[in-house]
Amino acid sequence: MPTVQLPDGAVKAYPAGSTALDVAASISERLAQQTIAARVNGQIVDAMRPLEELSDADQIPLTLLTTRDAAALGVLRHSCAHVMARAVMRLYEGVGLAFGPTTGNGFYYDFDLDAPISEEDFPRIEAEMEAIVKDAEPFERFVLPREEAVQFVDDLHQELKTEHIRTGLAEHPALSFYRQGEFVDLCRGPHIPDAGKIKAFKLLSVAGSYWKGDANNKHLQRLYGTAFFDKKDLKAYLDQVEEAKRRDHRMLGKQHGLFTLTNDVGSGLCLWLPKGATVRALLEDFIKQELLKRGYQPVYSPHVGRVEMYETSGHFPYYRDSQFPPLFGHPAGQLVDYWKTQLSEGGLDEKSEADFLAAATDMGCDFSRYPKSASSDEKIVFLKAWEKHQERYLLKPMNCPHHIQMYKAQQRSYRDLPVRLAEFGTVYRHEQSGELNGMTRVRGFTQDDAHLFCTADQVELEFKDTLDLVKFVLQSVGLDDYRIQLSLREPGSDKYVGSEEHWAKAEATLRKVLEESGLPFTTAEGEAAFYGPKADFMVRDAIGREWQLGTVQLDYNLPERFQLEYIGDDNTAHRPVMIHRAPFGSMERFVGMLIEHFAAAFPLWLAPEQVRILGLNDDMQPYCEEIQSQFRAAGFRTTIDRQSANVKKKIRDAQLDLIPYMAVVGPKDQGAGGLSLRDRIDGDLGFMNTADALTKLTQERDTRQIRQLVKTEFQGFQGGDEEANEY
RNA sequence: GCCACCGUAGCUCAGUUGGCAGAGCAGCGCAUUCGUAAUGCGCAGGUCGUCAGUUCAAGUCUGACCGGUGGCUCCA
């Protein structure tokens with residue numbers, strides 16, 4: 001007979017076999033209606049399971065989770081995923097089930113299905129789901145011992161489930177299933193008591209995915225949806241999605257002439273139009289001033305570097321697939337490189353080889369000693385030797401090797417350290433075509449990069465200062481909601497360079513400084529760079545979305561690979577430690593994010609056009625120019641609206657162009673030696689003399705005031721863990 | 001790169017079963033000269049992403065390619 005302890009401390013015994021639902025019913029009928037799941041020992045569990053199964057404690061600590069608990073939302077959504085899968089199975093033949101977990105904002109289910117599902121099919125799938133919800137059939141859990149479970153799954157003819165149960169779940173002695181009507185799924189649960197609890201749901205999108213996330217595996221169709229306890233919550237969520245669309249930087253960037261992308265230049269190659277370039281230049285100037293104060297030194301480096309340098313750093317071999325191919329100094333370089341690859345992949349026929357030799361000779365190669373009759377390996381050795389004497393350049397994918405060469409350009413003493421080299425360095429990466437996205441994912445971008453070279457003793461302090469810099473920079477643009485992600489190695493992986501000892505030291509140092517900093521941080525294994533751990537700034541924008549922006553990375557490995565040294569106070573050589581850091585990350589990405597954060601309504605100090613001067617009629621032109629020159633002299637970016645239109649139209653245009661201030665001038669203003677100031681946010685401020693207006697605007701600009709930020713407080717009502725609920 | 005969807009004027013979009021390519025905004029011209037979110041009239045603007053194919057006839061149907069969007073995979 002289970003005894004239950006509720007959160008309010010009440011202790012009560014219940015008949016054997018009682019469930020959380022029974023407990024709820026014993027309190028009130030209404031509570032039983034609203035109970036979605038329960039929490040026992042911190043675990044979220046089915047409300048319809050006998051309590052003895054869940055805990056063998058004398059007093060079972062039980063929390064009922066109702067429609068008011070965010071934690072129950074994940075349960076609801078996962079059950080909704082089952083309902084969706086059931087609907088899809090009713091409507092399509094031969095549906096293979098994969099996984100169907102919850103996500104931060106909803107759920108998805110992956111299907112192996114020949115017939116393509118498109119958004120046009122959503123209404124009938126939703127209608128079928130509606131019918132299932134209306135039937136309000138219960139979710140029934142049952143457990144089978146491993147052998148029986150395997151047999152049971154075999155009989156369901158669900159190949160992916162069969163595979164998963166044999167590989168992914170090979171260690172599980174018993175497996176749980178959930179049945180809802182004719183639909184049965186291998187599932188860890190928990191689920192809601194019955195489908196009738198789903199009051200609001202919607203299918204969102206369809207996309208491709210891979211079985212177990214591996215691109216080599218079977219391609220699946222993924223159906224995304226979301227569900228809520230209440231139609232109001234669903235509407236709030238959909239409004240949020242609309243708001244995000246309204247702020248899309250690709251649309252706003254086009255609309256406000258900030259940047260453009262055209263296939264004539266190339267995909268992923270961003271053109272900064274004057275207005276966007278102004279925002280970027282202001283940010284760059286701002287950070288340059290700050291770096292000067294913090295003892296950084298400016299440097300410049302070219303856009304290409306020898307492949308060998310990137311072989312030393314490890315970037316070239318590690319990221320070969322996502323770089324633009326090397327530029328060859330010798331005309332035959334590309335040909336030789338191609339030939340070498342062919343040989344390593346099994347070689348080509350004699351004729352091709354003869355063609356290659358002829359072509360290479362034509363291009364001026366002396367291949368008289370090419371070992372025609374030798375093995376592929378020997379031929380590769382020859383070609384490699386040839387290549388070794390040729391120049392090959394890479395469009396630089398990273399700035400660090402260049403800065404490292406600067407460090408090496410002179411002998412360094414411990415007295416010189418730390419050396420802090422800063423550059424807005426433009427780098428090129430051949431991102432996969434499917435990854436490109438407006439300004440936030442491009443193939444050529446500029447990092448506000450710097451590399452700090454310091455002694456082992458200085459690492460902590462330098463790292464701390466760097467965190468402080470990023471904090472300061474984010475604050476200055478009004479981004480004060482962020483966390484830091486401590487990105488660590490993936491245990492047991494061989495994709496990293498450097499010794500165990502260096503990694504352990506680097507990770508421990510990062511963790512120590514972060515703990516001492518008091519900044520909120522989370523850890524993420526497997527997210528480190530290949531040469532060292534990182535502290536990534538995850539910044540929340542005005543509508544609650546997270547962006548990975550600035551980064552600080554600790555690196556013991558590149559100094560080793562490039563044999564960096566400084567002479568210590570003991571007159572012997574020591575190895576410095578490097579810190580890589582970029583507060584904005586990439587200018588493209590950062591400005592893209594800012595556009596969405598401000599919905600293109602930049603604060604005065606960042607606005608591409610700060611003041612627009614609107615004459616009441618065409619006769620005011622000379623006075624408009626007079627006012628303009630006064631604003632320009634005070635450093636403001638202004639234009640005059642020269643349309644032959646009435647002032648209402650000019651104001652409307654300026655408002656739509658999101659200009660922070662308008663100076664409306666007519667005969668009255670001219671007579672009184674001033675202007676009528678209009679604020680984008682507060683509207684007409686009335687007459688002001690020009691000096692007062694300048695003082696007011698100068699103050700707002702120089703303190704980098706952010707007067708308006710349209711925040712929507714919808715923080716997702718995020719339910720459940722982001723872990724897969726499926727096995 | 002993979003899967004699904006999309007590509008018509010500078011921008012946002014309409015275009016019936018294949019039958020002469022449309023609107024609004026922006027632009028230009030003329031008139032208007034106005035006090036806080038659209039003055040009126042007119043004009044111009046397109047090889048319908050590209051290339052092939054089917055057809056008497058293709059924006060519309062088919063294929064390939066290019067580009068974009070949503071995801072997947074990737075992100076130094």
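Lettering of chains follows the sequences in order, A, B, ..., and the numbering in each one begins at 1.
- Rounded to a whole angstrom, the distance from the P atom of B:rU55 to that of B:rU62 is 16 Å.
- Where RNA chain B meets chain A (any atom under 4.0 Å from a heavy atom), the bounding nucleotides read 5' to 3' are B:rG1 to B:rA76.
- Annotation: B:rG1 and B:rU16 have their C1' atoms spaced 39 Å apart (nearest Å).
- Residue contacts shown for A:S644 include a base, since a base heavy atom lies under 4.0 Å away.
- Neither side chain, A:E546 nor A:Y482, offers a donor N or O lying under 3.5 Å from an acceptor on the other.
- Looking at heavy-atom distances under 4.0 Å, A:D684 makes contact with a base.
- A:Y108 comes within 4.0 angstrom of nothing in the nucleic acid, heavy atoms only.
- Between the P atoms of B:rU32 and B:rC13, the separation comes to 38 Å (whole Å).
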**Request:** Would you write the dot-bracket representation of RNA chain B, where each base gets (, ), [, ], | or . depending on whether it forms a Watson-Crick or G-U pair under 3.5 Å and with which partner?
**Result:** (((((((..((((.....[..)))).(((((.......))))).....(((((..]....))))))))))))....
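- Defined by atom type and a distance below 3.5 Å, a donor-acceptor pair is present between the side-chain atoms of A:N399 and A:Q447.
- If you take atom C1' in B:rG40 and the same atom in B:rU8, they sit 30 Å apart, rounded to whole Å.
- Rounded to the nearest Å, the gap between the C1' atom of B:rC11 and that of B:rG46 is 14 Å.
- Using a distance-only test at 3.5 Å, with no hydrogens or angles considered, no donor-acceptor pair links the side chain of A:H256 to the main chain of A:I595.
- Heavy atoms of A:G434 sit under 4.0 angstrom from at least one base atom.
- Using a 4.0 Å cut-off between charged nitrogen and carboxylate oxygen, A:K212 and A:D214 do not count as a salt-bridge pair.
- Ion pair A:E490/A:K495 flagged as a salt bridge, since at least one NZ, NE, NH1 or NH2 atom sits closer than 4.0 Å to an Asp/Glu carboxylate oxygen.
- Comparing the same atom, C1', in B:rU36 and in B:rC25 gives a spacing of 22 Å after rounding to whole Å.
- Using a 4.0 Å heavy-atom criterion, one finds that A:S313 contacts no nucleic acid atom at all.
- Heavy atoms of A:R250 sit under 4.0 angstrom from primed sugar atoms or phosphate atoms, though from no base atom.
- Here, B:rC65 and B:rG22 have their C1' atoms 29 Å apart, quoted to the whole Å.
- A:R678 comes within contact range of at least one nucleobase, with a heavy-atom separation under 4.0 Å.
- For the pair A:R429 and A:L677, both in contact range of RNA chain B, the more 5′-proximal nearest nucleotide belongs to A:L677.
- A:Y224 comes within 4.0 angstrom of sugar-phosphate atoms only, judged by non-hydrogen atoms across all strands, and of no base.
- With A:Y108 as the aromatic partner, A:R222 meets the cation-pi criteria of under 6.0 angstrom to the ring centre and within 45 degrees of the ring axis.
- Using a 4.0 Å heavy-atom criterion, one finds that A:V647 contacts the sugar-phosphate atoms exclusively.
- Backbone-only engagement by A:S267 is indicated by non-hydrogen atom pairs under 4.0 Å involving sugar-phosphate atoms exclusively.
- Where A:H430 and A:D653 each meet RNA chain B at their nearest nucleotide, the meeting point lying more 5' is that of A:D653.
- Among A:R306, A:R561, A:R392, the one residue that satisfies the side chain to side chain contact (heavy atoms under 4.5 Å, CB included) test with A:E311 is A:R392.
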**Message:** Applying side chain to side chain donor-acceptor pair (under 3.5 Å) to A:S322 and A:Q432, what does each step give before you reach the verdict?
**Reply:** CA-CA 7 Å; A:S322 50; A:Q432 300 183 65; over 6 Å; no
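- In this model, a donor atom of one side chain and an acceptor atom of the other lie less than 3.5 Å apart for A:S676 and A:D669.
- Going from the C1' atom of B:rU47 to that of B:rC20 covers 16 Å, rounded to whole Å.
- Few gaps surround CD on A:E128; more than 12 heavy atoms of other groups in view lie less than 6.0 Å from it.
- Looking only at atom types and distance, the side chain of A:Q655 has no donor-acceptor partner in the side chain of A:R680 under 3.5 Å away.
- As judged by a 4.0 angstrom heavy-atom cut-off over every strand, A:Q553 is placed among residues touching the sugar-phosphate backbone only.
- Contacts of A:K534 with the nucleic acid, taken as non-hydrogen atoms under 4.0 Å apart, involve only primed sugar atoms and P, OP1 or OP2.
- Backbone-only contact: A:L436 has heavy atoms under 4.0 Å from sugar-phosphate atoms and none from a base.
- Nucleic acid contact class of A:D669 (heavy atoms, under 4.0 Å, all strands): base.
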